[in-house]
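Residue numbering restarts at 1 for every chain, and letters A, B, ... go by the order of the sequence lines. Reckoned from all heavy atoms, side chains included, excluding hydrogens, waters and symmetry mates.
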Amino acid sequence: MAQENIYTDPATKSMEELVALCKRRGFVFPASEIYGGINGFWDYGPLGTALKNNIRDWWWRQMVECPPIGPDGEPVEIVGLDSSIIQNPKTWEASGHVGGFSDPMVDCTETKKRYRQDHIEVLIVDDKGCWGFPENNIDYIAKKLKKANVSRDDGTVKNLTDIDTSEYEKIIAPDTDKPGTLTAPREFNLMFDSHAGAIKSDENKVYLRPETAQGIFLNYKNIVDTMRVKMPFGIAQVGKSFRNEVTPRNFIFRSREFEQMEMEWFCAPAESAKWYDFWKHERMRWWESLGVDKANLRFRDHDDDELAHYSKMCVDVEYKYPFTAPGYGELEGVAHRGCFDLTQHQEHSKTKMEYFDQAAQLAAKEAGKSKEEIAAASKYIPNVIEPASGLTRAVLVLLCEAYTPDPDRPAGVYMKFKPKFAPIKAAIFPLVNKDGMPEIATKLYHELRQKYVVQYDAKQSIGKRYARMDEAGTPFCFTIDGDTLNDNAVTVRDRDSGQALAERLPLDQVDAFLAAKIAE
RNA sequence: GCGGGUGUAGCUCAGUGGUAGAGCGUCACGUUGCCAACGUGAAUGUCGUGAGUUCGAAUCUCAUCACCCGCUCCA
């Protein structure tokens, strides 16, 4: 029989079996399966939807309704938002999603670096070679040129877009020493597009959002103007995003339609490092609150060269998925976005994003700062710290984490969800269908269903009913037996031990028992 | 995007050219005394999809789709 709290290494779990269980028990189905499915899309079944909603509600509770206590001992302020999936397409030009990723890119097969084709210039020196370098920055390859004993004046400079791909084999890429490592230019745009209106034309082309974050930036000014928020504060949003991934893989880990839980934390630039650190650790605490084993979670700081165009600092919270073990895979990114997004939207929309910080002004005045210093401290475009996690990845993590093989059980496996997140909180069974047991069980069921997701089942043998609940991850089964008629108490069958609790539970305490377990 | 593998009932699979199968699960009825019990009965398939070869295709050929593994990719 399984022991409680045994550490089950994800590496020992089979994704194939987990996917099978998810389908068998109604957690996750392949999308449009009757037509052969569609790559990169998944449907959430009854139990999967419940699990997803439970995680989402907990995130919302912990981020918006009851956010954490800040470093100064006061609760931080975060408001909620639900922005549109389709926005004015200029949004994506400002954010860099169109400009940056619809342009052809070239890869360096040697260093694995990727460059925008039109951002590379090439110095061509007849007979000596061709050197690629970042646009307007020939100093970047000064050492290489010196070594080759050539100077800028020895040759001509051309943009890479003006060079035929057949000539690429002669080019030495910016970060290598040997020629011919650049691939032909390829289009990379991960955004799905569509058309708003009946007529398909370039004028009414729109995009499905590739992240929920931009919807928050677009509403930053609305929130500041209407919600009486003061810096620092956050805006949180949960919703679907769409990315036309090259290779959807690993069940729901990388899908083309997915759900994000993002919060943008706006703060004074001078305080951004403090908040970055705060949110980094708060987010890890949240993941642990889901019941995820600490041994399966870790931080991974991004190296400078893998930072996205908007980011100053970025750390991933990673989980040891069965398909990455013994390595880890991304779960949530906490990014320091600086003032990139608001500045971009200010420039493109001509809407002022500056914030007047009266508290900072007062503090600077009291500190006897100069006029210039006071002005700088009190008026600024806020910096943004962004904890961005995947809700559908959270579902995957809980599925992986809960999946617990146990050869001693009839099902061979049970789903060890924390009661708070379990799709079904409890099941109510009459041991047999006679002697008044169904009547008592039905009464208990009707009471409990008012407050909890519970199931009543009187069919088939008691063992079979327990086994079904094991696979659904239902933490408790209340069984009405012959003794109930005398002692007004039920047997509590505990999922994790696979056995009945030693103490019988009085009927009038079942509600309180469940409430306490779910609150844990 | 490249290479390899897989696809038959809800699940696991058998079926190498001649009527579509088994076990488990599911459902109904009976029975029941705590971990997939037992008896009786029932439902469930465009054999992933589409073409082709053939008198006849789950089976042979081609294409295509989905999933898995390894590369690649993942702002």
Side-chain angles (χ1 to χ4, degrees), chain A residues 1 14-26 29-42 45 92 95-103 105 107 109 112 114-116 183-184 186-191 210-211 213 243-251 253-256 258 302 306-311 314 316 322-323 329-330 333 335 340 388 406 408-414 429-435 437-438 458-471 477-485 490-495 497-501 504:
Chain A
M1 198 57 63
S14 151
M15 277 311 284
E16 217 164 312
E17 283 170 24
L18 174 60
V19 173
L21 182 142
C22 283
K23 190 181 166 193
R24 188 166 71 244
R25 287 296 166 199
F29 304 122
S32 39
E33 193 184 15
I34 60 168
Y35 289 108
I38 177 165
N39 195 359
F41 299 89
W42 299 88
W92 311 112
S95 67
H97 288 86
V98 177
F101 306 104
S102 61
D103 294 311
M105 310 286 278
D107 289 319
T109 53
K112 308 295 181 202
R114 170 169 294 166
Y115 315 93
R116 253 177 82 166
T183 64
R186 290 180 289 188
E187 293 279 346
F188 283 88
N189 194 328
L190 293 165
M191 280 196 293
E211 60 177 28
R243 295 182 195 180
N244 211 343
E245 299 285 358
V246 179
T247 315
R249 240 343 137 76
N250 292 322
F251 197 31
F253 178 75
R254 176 167 297 124
S255 47
R256 291 184 166 139
F258 58 103
H302 283 214
E306 66 173 322
L307 288 175
H309 60 277
Y310 52 75
S311 186
C314 190
D316 280 347
F323 49 82
E330 189 194 358
F340 176 84
D406 181 356
D408 294 334
R409 297 190 189 216
V413 63
Y414 65 104
F429 301 149
L431 182 58
V432 289
N433 287 309
K434 59 180 188 181
D435 299 341
M437 293 178 211
K459 298 294 166 88
Q460 298 170 314
S461 72
I462 192 74
K464 201 174 270 194
R465 284 178 267 164
Y466 287 153
R468 267 199 290 261
M469 287 303 147
D470 271 352
E471 283 199 330
C477 298
F478 303 119
T479 304
I480 283 75
D481 56 25
D483 294 338
T484 306
L485 305 166
V490 296
T491 301
V492 182
R493 191 268 187 179
D494 175 64
R495 176 198 63 200
S497 64
Q499 290 176 332
L501 297 183
R504 287 171 67 78

What is the distance from [atom1] of [X] to [atom2] of [N], rounded to the nearest Å?
{"X": "A:D408", "N": "B:A36", "atom1": "CG", "atom2": "C1'", "value": "14 Å"}
{"X": "A:E33", "N": "B:C65", "atom1": "CD", "atom2": "C1'", "value": "13 Å"}
{"X": "A:R409", "N": "B:A36", "atom1": "CZ", "atom2": "P", "value": "12 Å"}
{"X": "A:R468", "N": "B:C27", "atom1": "CZ", "atom2": "C1'", "value": "11 Å"}
{"X": "A:L431", "N": "B:C34", "atom1": "CG", "atom2": "P", "value": "6 Å"}
{"X": "A:F323", "N": "B:C67", "atom1": "CZ", "atom2": "P", "value": "14 Å"}
{"X": "A:E17", "N": "B:U12", "atom1": "CD", "atom2": "P", "value": "10 Å"}
{"X": "A:L21", "N": "B:G25", "atom1": "CG", "atom2": "C1'", "value": "13 Å"}

Kindly say whether, by distance alone, the side chain of A:R25 makes a donor-acceptor pair under 3.5 Å with the base of B:G10?
no

Base B:C68 to side chain A:R249, donor-acceptor N/O within 3.5 Å cut-off
no

Considering every strand shown, what is the Watson-Crick or G-U wobble mate of [N] when both distances are under 3.5 Å?
{"N": "B:C38", "answer": "B:G30"}
{"N": "B:C73", "answer": "none"}
{"N": "B:A22", "answer": "B:U12"}
{"N": "B:G56", "answer": "none"}
{"N": "B:U46", "answer": "none"}
{"N": "B:A66", "answer": "B:U6"}
{"N": "B:G17", "answer": "none"}
{"N": "B:U61", "answer": "B:A51"}

Using the [atom1] atom in both, what is the distance from [N] to [M], to the nearest Å?
{"N": "B:U26", "M": "B:C68", "atom1": "C1'", "answer": "28 Å"}
{"N": "B:U64", "M": "B:G25", "atom1": "C1'", "answer": "33 Å"}
{"N": "B:G33", "M": "B:C38", "atom1": "C1'", "answer": "15 Å"}
{"N": "B:G18", "M": "B:A9", "atom1": "C1'", "answer": "23 Å"}
{"N": "B:C55", "M": "B:G15", "atom1": "C1'", "answer": "23 Å"}
{"N": "B:A20", "M": "B:C47", "atom1": "C1'", "answer": "8 Å"}
{"N": "B:C62", "M": "B:A57", "atom1": "C1'", "answer": "14 Å"}
{"N": "B:U59", "M": "B:G48", "atom1": "C1'", "answer": "16 Å"}

[X], nearest nucleotide to its side chain (from [options]):
{"X": "A:V432", "options": "B:C34, B:G33, B:C35", "answer": "B:G33"}
{"X": "A:Y466", "options": "B:C34, B:A36, B:U26", "answer": "B:C34"}
{"X": "A:R243", "options": "B:C69, B:A75, B:A36", "answer": "B:A75"}
{"X": "A:K23", "options": "B:U32, B:C27, B:G10", "answer": "B:G10"}
{"X": "A:E471", "options": "B:C34, B:G33, B:A36", "answer": "B:A36"}
{"X": "A:R493", "options": "B:A28, B:C34, B:C35", "answer": "B:C35"}

Does [X] reach a base, just sugar-phosphate, or nothing at all? Heavy atoms under 4.0 Å.
{"X": "A:P30", "value": "nothing"}
{"X": "A:M469", "value": "nothing"}
{"X": "A:F253", "value": "nothing"}
{"X": "A:D483", "value": "nothing"}
{"X": "A:D470", "value": "nothing"}
{"X": "A:G40", "value": "sugar-phosphate"}

Taking only side-chain nitrogens and oxygens of [X], does any of them come within less than 4.0 Å of OP1 or OP2 of [N]?
{"X": "A:N39", "N": "B:C67", "answer": "yes"}
{"X": "A:Q460", "N": "B:U31", "answer": "no"}
{"X": "A:K464", "N": "B:C35", "answer": "no"}
{"X": "A:N250", "N": "B:C67", "answer": "no"}

Between A:R24 and A:I462, which has a closest nucleotide on RNA chain B that is more 5'?
A:R24

Closest-nucleotide mapping onto RNA chain B: is A:G412 or A:K459 further toward the 5' terminus? I mean the 5' end.
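Final value for this comparison: A:K459.
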
A:D470 and A:R493 ion-paired at < 4.0 Å
yes

Is a side-chain donor or acceptor of A:R243 paired with a backbone partner of A:P210 at a separation under 3.5 angstrom?
yes

Report the relative orientation of the aromatic rings in A:F429 and A:Y466; use parallel for angles under 30°, tilted for 30 to 60°, perpendicular for over 60°.
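Answer is tilted, since the angle falls between 30° and 60°.
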
At what distance, to the nearest 0.5 angstrom, does [atom1] of [X] lie from [atom2] of [Y]?
{"X": "A:N39", "Y": "A:R249", "atom1": "CG", "atom2": "CZ", "answer": "9.0 Å"}
{"X": "A:K459", "Y": "A:K464", "atom1": "NZ", "atom2": "NZ", "answer": "12.5 Å"}
{"X": "A:S255", "Y": "A:N250", "atom1": "OG", "atom2": "CG", "answer": "11.0 Å"}
{"X": "A:K23", "Y": "A:E33", "atom1": "NZ", "atom2": "CD", "answer": "3.5 Å"}
{"X": "A:H97", "Y": "A:S95", "atom1": "NE2", "atom2": "OG", "answer": "4.5 Å"}

Within 45 degrees of the ring normal and closer than 6.0 Å to the centroid, is that where the cationic atom of A:R409 sits relative to A:Y414?
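Judged by the rule, A:R409 and A:Y414 form a cation-pi pair.
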
